[in-house]
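Proteins come first, then strands; the chains are lettered A, B, ... in the order of their sequence lines, and each starts at number 1.
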There are 2 protein chains.
Amino acid sequence: MPYTYAYPRPALTVDCIVFGLENAGDLKVLLIQRKNQPFAGRWALPGGFVDVGEAPEQAARRELEEETGLKNVFLEQLRTFGEPGRDPREHVVSVAHDALVNVADARVRAADDARQAAWFPVGRPPPLAFDHAKILRVAHNRLQERLRRRPVGRELLPRKFTLSQLQHVYEAILGKEIDKRNFRRRVLRTGLLVATDQTQKQVPHRAARLYRFDARTYRRLAQQGFHFEV
Amino acid sequence: MPYTYAYPRPALTVDCIVFGLENAGDLKVLLIQRKNQPFAGRWALPGGFVDVGEAPEQAARRELEEETGLKNVFLEQLRTFGEPGRDPREHVVSVAHDALVNVADARVRAADDARQAAWFPVGRPPPLAFDHAKILRVAHNRLQERLRRRPVGRELLPRKFTLSQLQHVYEAILGKEIDKRNFRRRVLRTGLLVATDQTQKQVPHRAARLYRFDARTYRRLAQQGFHFEV
DNA sequence: TCAAAAGTGTTCCTGGTACACCCATGC
DNA sequence: GCATGGGTGTACCAGGAACACTTTTGA
């Protein structure tokens, strides 16, 4: 069923950069292996065409679920890539979105246009289709900047967590080590955390105190931004 | 000459938020009065459809010149607005771009789809077409954030300028007054400025020393970002 | 001589940085 | 009793905030 317009239109797509963290280890990105041309067999960011009547953010969520099974992910708009030539078939403008998830919670399975779906280290991805290597670099930069301006962690950590777990999140995203004492002092000063009276159980070392996010403060700082230098 | 596709496509447009500064006075935004439906007679952001084979940024530059006569403006991508319903005709996805220019240098004339083109105070714009009031708010917020992360002023000031002129730029964008002594100390510390041996002429008060930007430092900090708190 | 903006220093305090040792727990 | 991560304090220094008076110039 063909659709006809008075003037030609670029195609509109979305791409998803899903960053993944594990309890330990470095930052990962979720990729799919393409089933179809162009770039059949190549790894790529999950994504696809925006339907008429669908907000780009919705389209990103839908495509992510269709191709990788991931859902209920907090996707944020990154930026739009629209140079002609980024897709060999025709002019395709893509609105990139990114998200941060816990790898352990995310049961990923390939489907739809994806032959496989898998996590790769952000720093050493396989050869990617289209301009996705560039998009990935931009997304990683922006993620590191966001870490300085917004609270991070609610999507990544269990409801109650230790300060070391939170510190690992920051270390994985920034790719560097942080001084434990300074990190604790600063993060407690923000008011984002509430100490619970519980501690870890069954750990082969001194049990750490568990904290949770203060929901109101988290929302407020997520919205209006703050400055958290590490 | 109609164009036909296998699946329907949202329309793709660009919008331009051009912020303007004068020597004194508050921050302005450049608007056009629409000639055509929908919203004929309403004020709106300059913008229009993206051609196939044209990068959105190019389209923004082209539309801005067609409708307002402004050219050689440094436009940066802001974000993409694509909720269905933002345009009453059909689903239109718009990539918003913003720029910062000197009102005195910018000879603006309406043309093309614009009945008039004029500057309005950012804080008190007239009723706007589409969701342009929201886009304007987002753009203003992002401009204020950008002021803390990138050097600003090269597009706004003459090649040689006084520290007070630069301070007025910051005050207009932030909409608040800044302490003169603290501002001077901080801005000189960045290394962005080079003192010349010239001073103002013909001013009815003590003549101020003129400074210029250090091109290398400006480029470097524009690219990699820095933190400039005022 | 007046009006107008230029130019200049200091105090106080917050918060960044660097750094080393003892503590609790499970095995 | 040992391996493992948890937890804590201090000294030093950079830079943010608040604040008032003298200087230069043209009219």
The single option from A:Leu31, A:Asp98, A:Leu30 passing side-chain contact (heavy atoms from CB on, under 4.5 Å) against A:Val18: A:Leu30
Nearest-neighbour nucleotide for the A:Arg184 side chain, D:dG6, C:dC19, C:dG7 considered: D:dG6
Which nucleotide in C:dT17, D:dA20, C:dG26 has an atom nearest any side-chain atom of A:Asn182: C:dT17
Residue A:His205, side-chain heavy atoms: nucleotide from C:dT25, D:dA20, C:dA6 that is nearest: C:dT25
Residue whose closest nucleotide on DNA chain C lies nearer the 5' end, A:Val230 versus B:Arg181: B:Arg181
Interatomic distance, B:Arg209 CZ vs C:dT8 C1' [rounded to whole Å]: 13 Å
Protein-nucleotide distance (B:Phe183, atom CZ; C:dT8, atom P), rounded to Å: 15 Å
Whole-Å distance separating the CD atom of B:Gln198 from the P atom of C:dA6: 17 Å
Sugar-phosphate only, base, or nothing, as touched by B:Arg185 at under 4.0 Å among non-hydrogen atoms: base
Spacing of A:Arg209 atom CZ and A:Thr199 atom OG1 [to the nearest 0.5 Å]: 8.0 Å
Modelled atom types, side-chain donor and acceptor of B:Gln198 and B:Lys160, under 3.5 Å: yes
Nucleotide of C:dG16, C:dC19, C:dG26 approaching A:Arg189 most closely (side-chain heavy atoms): C:dG16
Pairwise 5' ranking along DNA chain C for A:Asp179 and B:Ala207, keeping only the more 5' one: B:Ala207
Check against ring pair (Phe, Tyr, Trp, His ring centres under 6.0 Å), B:Phe130 and B:Phe81: CA-CA 11 Å; B:Phe130 306 106; B:Phe81 296 83; over 10 Å; no
Residue-phosphate contact under 4.0 Å: B:Ser164 side-chain N/O, C:dA5 OP1/OP2: no
Any donor-acceptor pair under 3.5 Å from A:Gln77 side chain to B:Thr80 backbone: yes
Nearest-Å distance for atom pair CZ/P, residues B:Arg186 and C:dG9: 17 Å
Whole-Å distance separating the CG atom of A:Leu188 from the P atom of C:dG16: 13 Å
Spacing between A:Lys201 atom NZ and C:dA24 atom C1', to the nearest angstrom: 13 Å
Gap between atoms CG and P, on A:Leu166 and D:dG6 respectively (whole Å): 13 Å
A:Gln202 CD to C:dC27 P, straight-line distance once rounded to whole Å: 7 Å
Which nucleotide in D:dA17, C:dT8, D:dT23 has an atom nearest any side-chain atom of B:Arg206: D:dT23
